[in-house]
Amino acid sequence: QVQLVESGGGLALPGGSLRLSCAASGRTFDSDEMAWFRQAPGKEREFVARTQWIGVRQYLVDYADYVKGRFTASRDVAKNAMYLEMHSLESEDTAVYYCAAQRVGIANYNYWGRGTQVTVSA
């Protein structure tokens, strides 16, 4: 059974940092795209960052404008995992963050995690 499990969420102060992890099991995603999305209360799910496979252990990463320069997504092939380093957090970053793998369409992926809550508040 394929699973994506997010962890690392929690409460952070404005300007603070958190590191999210997405651990994959049941199969590997070395050559598949993996991405981060988020959904704030009362809002639609939105794209955060994605890691596109471009060669052996090489990934192209791109970000939504509202996190560019503050968030960094990365992959660890050996651990079958993806990470999201978040810095300079803002209250607007409060959301449930989801990991997704194997893109099959625009913002459509075959596999999704259950999410991890990130709350940015003083």
Side-chain angles (χ1 to χ4, degrees):
Q1 181 180 2
V2 178
Q3 281 190 312
L4 300 177
V5 179
E6 303 93 337
S7 62
L11 177 64
L13 293 171
S17 300
L18 284 174
R19 183 177 189 251
L20 305 184
S21 299
C22 171
S25 61
R27 60 157 289 172
T28 59
F29 292 100
D30 296 7
S31 60
D32 292 304
E33 180 174 309
M34 293 184 73
W36 289 100
F37 286 80
R38 69 186 186 185
Q39 187 167 20
K43 295 187 178 181
E44 292 188 354
R45 185 173 62 197
E46 62 182 12
F47 166 75
V48 174
R50 65 177 178 178
T51 59
Q52 295 175 278
W53 183 80
I54 57 173
V56 177
R57 300 196 177 197
Q58 294 185 343
Y59 299 91
L60 179 67
V61 185
D62 62 276
Y63 303 91
D65 286 344
Y66 35 82
V67 304
K68 200 171 292 184
R70 301 187 297 121
F71 290 11
T72 302
S74 61
R75 299 275 290 269
D76 187 329
V77 171
K79 295 183 178 181
N80 203 21
M82 179 175 64
Y83 305 97
L84 186 68
E85 294 270 359
M86 306 187 295
H87 299 286
S88 302
L89 284 164
E90 304 167 352
S91 57
E92 292 78 12
D93 296 318
T94 295
V96 177
Y97 284 71
Y98 297 92
C99 168
Q102 198 177 68
R103 186 161 64 96
V104 293
I106 300 175
N108 191 17
Y109 292 76
N110 273 335
Y111 303 100
W112 290 86
R114 291 191 171 188
T116 185
Q117 175 70 48
V118 170
T119 302
V120 183
S121 175

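Numbers here are sequence positions counted from 1. Since the structure is predicted, the reported quantities are computational estimates derived from the model, not experimental observations.
For the side chain to side chain contact (heavy atoms under 4.5 Å, CB included) test with Met86, the passing option among Asp93, Val118, Val48, Thr72 is Val118; the others fail.
The hydrophobic cluster containing Tyr83 does not contain Val67, counting ILVMFWY residues as joined when their side-chain heavy atoms lie under 4.5 angstrom apart, directly or transitively. Grouping the Ile, Leu, Val, Met, Phe, Trp and Tyr side chains by contacts below 4.5 angstrom, directly or via other members, places Leu60 apart from Met82. Follow the hydrophobic side-chain contacts under 4.5 Å out from Leu84 and you reach Val61 in the same cluster.
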Salt bridge (charged side-chain N to carboxylate O under 4.0 Å, His left out) between Arg114 and Glu6, intermediate numbers included:
CA-CA 7 Å; Arg114 291 191 171 188; Glu6 303 93 337; over 6 Å; no

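Here CH2 of Trp36 is found 12.5 Å from CZ of Phe47. Values are rounded to the nearest 0.5 Å. Atom CZ in Arg103 sits 9.5 Å away from atom CG in Asn108 (nearest 0.5 Å).
Residues meeting the salt bridge (charged side-chain N to carboxylate O under 4.0 Å, His left out) test with Lys43, sequence neighbours left out: none. Evaluation of the side-chain contact (heavy atoms from CB on, under 4.5 Å) rule for Ile106 yields no partner, not counting sequence neighbours. Judged as a salt bridge (charged side-chain N to carboxylate O under 4.0 Å, His left out), and not counting sequence neighbours, Glu92 has no contacts. Asp62 is linked by a salt bridge (charged side-chain N to carboxylate O under 4.0 Å, His left out) to Arg50, counting only residues two or more places apart in sequence or in another chain. The salt bridge (charged side-chain N to carboxylate O under 4.0 Å, His left out) check on Arg75 picks up nothing, with sequence neighbours excluded.
The two residues Ala73 and Tyr63 come nearest to each other via the heavy atoms N-OH, 3.0 Å. A pairwise comparison of heavy atoms in Ala95 and Arg38 identifies CB-CB, 3.8 Å as the closest pair. Between Met34 and Ala101, the closest heavy-atom pair is CG-CB, 3.9 Å.
Side-chain atoms of Thr94 come within 3.5 Å of backbone atoms of Val120 as a donor-acceptor pair (strictly under, hydrogens ignored). No side-chain donor-acceptor contact under 3.5 Å links Tyr98 to the backbone of Gln39. Put simply, the side chain of Tyr59 gets close to the backbone of Asp30: a donor and an acceptor are under 3.5 Å apart.
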Below 3.5 Å, can you tabulate the donor-acceptor pairs from side chains in residues 11-29 to any protein atom, sequence neighbours excluded?
{"residue": "Ser17", "atom": "OG", "partner": "His87", "partner atom": "ND1", "Å": "2.7"}
{"residue": "Arg19", "atom": "NE", "partner": "Glu85", "partner atom": "OE2", "Å": "2.9"}
{"residue": "Arg27", "atom": "NH2", "partner": "Asp32", "partner atom": "OD2", "Å": "2.7"}

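Residues Tyr111 and Val104 form no side-chain contact, since every pair of their non-hydrogen atoms from C-beta on lies 4.5 Å or further apart. Inter-residue side-chain proximity for Gln102 and Tyr109 is flagged as unmet; no heavy-atom pair is nearer than 4.5 Å.
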